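Here the structure comes first, spelled out in structure tokens, and everything after it is commentary.
This one's a predicted model, so the numbers in the text were calculated from it and none came from an experiment. Just so we're on the same page: letters track the sequence lines, and every chain starts at 1.
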2 protein chains.
Amino acid sequence: MKEAKLLFVGRLMKEAELEVKLAEEKRPKAGAESRAGGVQVELQGSELWRRFHDIGTEMIITKAGRRMFPSVRVKVKGLEPLQQYYIAIDVVPVDSKRYRYVYHSSQWMVAGNTDHSCITPRLYIHPDSPCSGETWMRQIVSFDRVKLTNNEMDDKGHIQSLPAEGVQTFSFQETEFTTVTAYQNQQITKLKIDRNPFAKGFRDPGRNSSSFHLEDPLESQDFLNPTYVKDPSGNARP
Amino acid sequence: MKEAKLLFVGRLMKEAELEVKLAEEKRPKAGAESRAGGVQVELQGSELWRRFHDIGTEMIITKAGRRMFPSVRVKVKGLEPLQQYYIAIDVVPVDSKRYRYVYHSSQWMVAGNTDHSCITPRLYIHPDSPCSGETWMRQIVSFDRVKLTNNEMDDKGHIQSLPAEGVQTFSFQETEFTTVTAYQNQQITKLKIDRNPFAKGFRDPGRNSSSFHLEDPLESQDFLNPTYVKDPSGNARP
DNA sequence: CTATTGGCACCTAGGTGTTAAATT
DNA sequence: AATTTAACACCTAGGTGCCAATAG
């Protein structure tokens, strides 16, 4: 089975940012003219990403690999329908500092340096790659299977590099995050529990909180929960 | 998410057979010389397939799509490491008859004809395709996500055709099966329940039956069941 | 009558934050 | 003291055959 993992080295490393990369396959001529075609990459669920970002997004990393929440989903426009493309995401360190969370002030403080030079860049290529522009544009491109890990031995689903030419990079401020092995800011924990369906078991049954903030049905899929349409009696037929 | 479904039209249609197809991508010259390279495709779990075949394999088809059990897994040898290949499976009708199961004699009897001419051939391309010979040979190629359906509108994961040249076909007698909407032969039901981990709920708790016949650990993965290692008390921590 | 469908209980498989213990 | 790990209860998601109901 294909499994997607993104290596992420370092401990409390503040400010990693996600980049979506797009590469044309066997590009006939590398030149600026076809790049000027106006490819657009639009982050889906950006409202939720922004809510996390306003608090200070944290992503858990484990040895076995942990998914990101929210996950990266993009809509791509302006591709040439018949051209084949690779799409990938990358995690880029924003600085070389190490950070520590200071609880009483609810802030991240610089706590040293990290040597990023030893980190080999690891791209996660979308498993549908390569694929025609037409197919990529027809659907939302989802990286929800990607996992972050601090296990340096694990390089599943990665490649070393993309072609030097014909690669366009799109980055999104709101996907900036800090990697942690345990959540530091309780507001982050709360928002994750509220929005990630897999954390439903930790939701406060008293408050109906933000369950109705369905800004992005792709991220909050409660409306698909069969509990809401099933016969509440739970009786089997006679 | 990619989902694999194989259309299978007709009702009790006896004797479909699985074929594994292998196609070279952008083959420089179509000729017999490179085909003579001695590619081998070996069916994994053939012992279990044979046990079903001896009884008369039945596969359930549903509108939503049903997986095959056993699933098709092959080991491929003799590919050119750097050449790119597609690998696919196909379901091929063995005859044009329709069959009916006669319970008292435990046999399938001819019960009419089926017009196969209206059935468009539907190949299921392995999702890893295209892939280098080296990569294909390094691991077992598994089609366990393939689903059989009788919904003619559903053609997910299929293509119309492969290139006319440079395609090799490998077929396996023991993968012959009859499609049904409900199992006819109770021996088949029993063997499915015994060997398919997802049917464990129907196993007879009294007999330990064939749970120890682990000829093929890939098909019978009971040894991974956490039930056997978990604390049986089921107590939570204080 | 036979063949098919849909709901179901019971599984596998694996994604959550929590917690206590281990590590540094 | 801060960080990381591992086991866990509780979820989502979906693969089984069974059985009653429906379709043909």
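At whole-Å resolution of the value, CZ in A:Phe69 and P in C:dG17 are 9 Å apart. Here the P atom of nucleotide D:dC18 and the CZ atom of B:Arg203 are 13 Å apart, to the nearest Å. Protein atom CZ of A:Arg66 is 7 Å distant from nucleotide atom C1' of C:dG17, rounded to whole Å. Rounding to whole angstrom units, CG of residue A:Asp194 and C1' of D:dC11 are separated by 15 Å. Between B:Tyr103 atom OH and C:dT2 atom P there is a gap of 13 Å when expressed in whole angstrom units. Summarising the geometry, the separation between OH on B:Tyr101 and P on C:dC1 is reported as 19 Å, rounded to the nearest angstrom.
Candidate nucleotides D:dA13, D:dC18, C:dG17 were compared by shortest atom distance to the side chain of B:Ile193, and D:dC18 ranks first. Each of C:dA9, C:dG15, C:dT4 was ranked by its minimum atom distance to the side chain of B:Phe202; first place goes to C:dA9. The nucleotide whose nearest atom lies closest to any side-chain atom of B:Arg100 is, among C:dA3, C:dG17, C:dG15, C:dA3. Of all nucleotides listed (C:dT4, C:dA9, C:dG17), C:dT4 comes nearest to the side chain of B:Thr181. Taking the side chain of B:Ala199 as heavy atoms from C-beta on, and the options D:dC11, C:dG17, D:dG17, the nearest nucleotide is D:dG17.
Judged purely by atom type and a 3.5 angstrom limit, B:His53 has no side-chain atom pairing as donor or acceptor with the backbone of B:Thr175. Using modelled atom types, no side-chain atom of A:Arg66 and backbone atom of A:Ile61 make a donor-acceptor pair closer than 3.5 Å.
Residue-level contact check: B:Thr189 touches the backbone only, with heavy atoms under 4.0 Å from sugar-phosphate atoms and none from bases.
B:Lys63 has a side-chain polar atom (N or O) that falls below the 4.0 Å cut-off from OP1 or OP2 of C:dG6. A close approach under 4.0 Å does occur between a side-chain nitrogen or oxygen of A:Asn150 and OP1 or OP2 of D:dT5. The shortest distance between the side-chain N/O atoms of A:Asn196 and the OP1/OP2 oxygens of D:dC11 is not below 4.0 Å. Under 4.0 angstrom from either OP1 or OP2 of C:dT12 there lies at least one side-chain N or O belonging to B:Lys200.
Remark: the A:Arg145 side chain and the C:dG14 base include no donor-acceptor N/O pair separated by less than 3.5 Å.
Counting heavy atoms from C-beta on, the side chains of B:Val76 and B:Val141 come closer than 4.5 Å.
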